[in-house]
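Residue numbers start from 1 in every chain, and the chains themselves are labelled A, B, ... in the order their sequence lines are given, proteins ahead of strands. Below, each value reflects all heavy atoms present in this structure, side chains not excepted, and no hydrogens, waters or symmetry copies.
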Amino acid sequence: MDSIYFHDTMQGKKVEFEPRIPNEMSMYVCGLTTSNDSHIGHARTAIVFDVIRRIFRKNGYKVKYISNFTDIDDKIIQKAQEENSTAQEVAERYMHRYIDVIQKMHISEPDMYPKVTDHIPQIIEAVEKLIKNGFAYESSGDVYFRVRKSEEYGKLSKKKLDELISGARILPGEKKEDPLDFALWKEAKPGEPFWESPWGNGRPGWHIECSVMALKYLGNHFDIHGGGQDLIFPHHENEIAQAEGITCAKPFCRYWIHTGWVTLDKVKMSKSIGYVFRIKDALKHYHPNVLRYFFLATLYSSPLEFNVEAIERAGKNVEKIATSLRRFRDVKLKILLKSPLMKGNSWNSFLVYSNEYHYHLRDNFNTPAAFGTIHVTLRELNRVLDDIESLTSTTMKKIESYLEDFFETLGFVDIEDTTFVLDTSDITNALRDVVVSFDIELPDGVLSLDDLVNRLIQKRTEARKNKDFALSDEIRDQLLKHQIVLEDSQGKTTYRLEKQ
RNA sequence: GGCGACAUAGCCAAGUGGUAAGGCAAGGGUCUGCAAAAUCCUCAUCGACGGUUCGAAUCCGUCUGUCGCCUCCA
């Protein structure tokens with residue numbers, strides 16, 4: 001089995017992945033706090049870890065991938081109070097909206113989405129263990145983690161305790177021994193949701209749930225812990241301190257992978273300043289395959305600027321790919337009809353590309369480099385398709401298996417059928433008049449865009465046969481005005497929708 | 001203030017010691033009734049300065065610039 005290499009945040013360098021259990025990979029990724037609609041930054045993280053899982057599977061690993069929902073926290077409670085509803089209602093609403101939007105993006109989901117509120121007993125048990133082990137203390141209804149007791153605190157974020165002090169502070173109402181300490185359990189204020197505990201009614205702190213759920217579902221020393229870069233400190237640092245305090249064993253996990261953030265106007269999107277672009281809004285304008293290409297066209301760990309130009313560029317790339325694949329599909333049908341199984345080895349170069357492709361993915365999940373290989377491969381494919389005579393069904397099947405593998409590994413669904421205009425109702429309406437203007441008779445009832453365009457193509461084909469190029473060009477121009485591009489190739493006219 | 005990341009062509013973006021992948025845009029050729037698509041060709045010495053090395057975009061130092069973390073955040 002070929003090795004997989006990637007950048008581990010803890011070691012601060014690219015390392016060779018060595019699994020806890022041979023041929024198995026366990027991964028925990030911090031998920032959403034369900035206090036609001038998810039934004040494209042969440043989508044990036046979900047796609048990245050989806051693809052990482054796919055790459056491991058392609059390389060023969062059995063993968064277990066867990067991602068949580070934090071369904072109780074201050075923001076959720078606050079929102080519930082504002083809406084005069086309950087924290088549970090708010091949390092479930094955004095949880096369902098997230099899942100809905102993730103499915104629409106064709107992002108394959110984790111094996112499980114554990115929720116904090118389903119794990120309160122385990123969390124309480126973990127806090128008790130931390131108290132017993134001397135890592136935590138109760139303080140009038142709250143429980144805090146004793147950061148200075150954790151000798152290696154700061155090892156992930158490369159921070160030194162003394163440097164943190166200036167930033168640390170004690171909020172009103174907190175009863176900490178040390179400003180660095182953080183809450184494991186918070187006493188409920190009047191009107192807030194709560195669970196009973198040995199320290200009174202309250203709720204879990206912000207970081208303990210991930211330690212508890214990761215340990216519960218993946219066990220100690222699991223392989224990969226992932227999340228956004230902004231979670232490194234304090235969230236992941238705290239997770240390590242908690243988990244290693246609970247188990248009294250190191251390491252909590254073997255590797256850390258962090259995704260870069262998505263920026264708007266060069267600035268990181270942030271809940272606190274409300275500057276976000278929601279996934280559901282992105283889906284109104286762009287096909288999931290275009291968004292997936294956009295996210296994977298940059299290395300997962302780099303910052304990524306989200307803007308219209310960048311997405312349009314991704315769209316152009318997907319269109320280029322889709323065009324080649326559609327042409328491949330057409331030629332394949334012809335070849336299968338025409339040629340018997342026989343010799344054919346022009347797929348050999350595709351084997352070389354395939355190896356190069358998977359090499360890139362094993363090397364720090366380098367999807368941008370893999371796209372580079374895809375483009376080179378498709379250029380070769382286009383050349384091959386120009387010479388139909390040399391093709392055999394064996395060759396076509398072989399090539400097809402490589403192509404399918406390429407796009408499956410990156411999680412594209414039916415990339416050759418990607419549409420670039422999501423809402424065609426206006427175009428369809430306008431087209432009816434165009435059809436009529438060319439004296440084409442229409443039946444009553446609703447006609448699809450496809451139906452209307454095909455009637456125009458038919459009319460134009462007749463005109464071309466009669467060498468009436470004026471009429472032919474007029475039809476083409478009229479269609480172009482409505483974002484429909486005609487292409488004549490190999491005696492057949494096809495059309496595609498073009499973004500405005 | 002402390003800590004850290006990044007800086008590659010008009011734009012986006014790989015590449016971390018051996019002489020710059022890929023895409024978009026642009027220009028030119030082939031194909032086409034004309035287009036489109038496709039294909040071929042052209043298009044950078046890697047922020048600045050200094051150092052290490054036979055050799056550096058890649059390592060070290062200084063500077064400049066951008067961004068981030070230190071408070072909730074994927």
Whole-Å distance, A:E237 CD to B:rC73 C1', equals 17 Å
Between A:G372 and A:G227, the residue closer to the 5' end of RNA chain B by nearest nucleotide is A:G372
Partner of A:I257 under side-chain contact (heavy atoms from CB on, under 4.5 Å), picked from A:N364, A:V29, A:T9, A:I52, is A:I52
Taken to the nearest whole Å, NE2/A:H42 to P/B:rC72 is 16 Å
Margin query: Just to be sure I understand the rule, does A:F233 reach a base, reach only the sugar-phosphate, or reach nothing, if contact means heavy atoms closer than 4.0 Å?
Written below: sugar-phosphate
note: A:I311, atom CD1; B:rC24, atom P; distance rounded to Å ~ 16 Å
| task | For nucleotides B:rU19 and B:rA57, find the distance between their C1' atoms and express it as a whole number of Å. | result | 11 Å
From NZ of A:K155 across to P of B:rG4 the rounded distance in Å is 19 Å
Any luck finding a side-chain donor-acceptor pair between A:H258 and A:H236 under 3.5 Å? yes
To the nearest angstrom, the NE2-P distance between A:H7 and B:rA5 comes to 9 Å
Practice problem: Provide the distance between the two P atoms, one in B:rG61 and one in B:rA5, to the nearest whole Å. | Solution: 11 Å
Notebook entry, point to check: Base, sugar-phosphate, or nothing: which does A:G41 touch, judged by heavy atoms less than 4.0 Å apart?
Noted result: base
Residues pairing under salt bridge (Lys or Arg N to Asp or Glu O under 4.0 Å) where one sits in residues 95-115 of chain A, two or more places apart or in two chains, turn out to be A:D37-A:R97, A:R53-A:D111, A:D100-A:K104
Quiz item: Which part of the nucleic acid does A:N317 contact within heavy-atom distance under 4.0 Å: base, sugar-phosphate only, or nothing?
Solution: sugar-phosphate
Any donor-acceptor pair, under 3.5 Å, between the side chain of A:K75 and the base of B:rC72, if you only look at N and O atoms?
yes
Next item on the list: Check every strand shown and say whether A:V29 touches a base, only sugar-phosphate, or nothing at a heavy-atom separation below 4.0 Å.
Entry: nothing
- prompt: Are the ring of A:F371 and the six-membered base ring of B:rG22 within the stacking cut-offs of under 5.5 Å and under 30°?
  reply: no
**Message:** Roughly how many Å apart are B:rG47 and B:rG15, using the P atom of each and rounding to a whole number?
**Reply:** 15 Å
Query raised in the report: Less than 3.5 Å between a donor and an acceptor, one on the side chain of A:D230 and one on the base of B:rG68, is that the case here?
Result: no
Between CH2 of A:W261 and P of B:rU66 the distance, given in whole Å, is 17 Å
Here the distance between atom P of B:rC3 and atom CG of A:L161, to the nearest Å, is 15 Å
Report task. For B:rA36 and B:rC31, measure between their P atoms and round to the nearest Å. Result -> 15 Å
Checklist line | C1'-based separation of B:rC60 from B:rG17 [nearest Å] | finding: 13 Å
A:F306 meets the ring-ring contact (aromatic ring centres under 6.0 Å, His included) criterion, sequence neighbours left out, with A:F277, A:F294
Those residues at least two apart in sequence (or on a different chain) that pass side chain to side chain donor-acceptor pair (under 3.5 Å) with A:K58 are A:D405, A:E408
Quick tally for nucleotides 11-17 of chain B: nucleotides whose base has a protein heavy atom under 4.0 Å get B, sugar-phosphate-only ones S, the rest -, giving BSSSS--
When rounded to whole Å, the NZ to P distance for the pair A:K467 and B:rC34 reads 11 Å
When the P atoms of B:rC6 and B:rG10 are compared, how many Å lie between them, rounded to an integer? 23 Å
Exercise. What is the nucleic acid contact for A:G226, judged by heavy atoms within less than 4.0 Å: base, sugar-phosphate only, or nothing?
Worked result: nothing
Taking for A:A370 and for A:P234 the nucleotide of RNA chain B with the nearest heavy atom, the one nearer the 5' end belongs to A:A370
Contacts of A:H358 meeting ring-ring contact (aromatic ring centres under 6.0 Å, His included) (sequence neighbours excluded), chain-then-number -> none
Hits for side chain to side chain contact (heavy atoms under 4.5 Å, CB included) against A:D468, two or more places apart or cross-chain, chain-then-number order -> A:A463, A:A470, A:L471
Those residues at least two apart in sequence (or on a different chain) that pass side chain to side chain contact (heavy atoms under 4.5 Å, CB included) with A:A322 are A:R326
Between the CZ atom in A:F371 and the NE2 atom in A:H360, the distance rounded to the nearest 0.5 Å is 12.5 Å
Protein heavy-atom contacts under 4.0 Å, written 5' to 3' over nucleotides 35-41 of chain B as B (base), S (sugar-phosphate only) or - (none), form the string BBSSSS-
Next on the checklist: Within the 4.0 Å heavy-atom criterion, would you say A:S472 contacts the bases, only the backbone, or no part of the nucleic acid?
Outcome noted: base
Assess the pair A:Y402 and A:Y353: is the distance between their ring centroids shorter than 6.0 Å? no
With sequence neighbours left out, the residues meeting side chain to side chain contact (heavy atoms under 4.5 Å, CB included) with A:C253 are A:F222, A:H225, A:W256
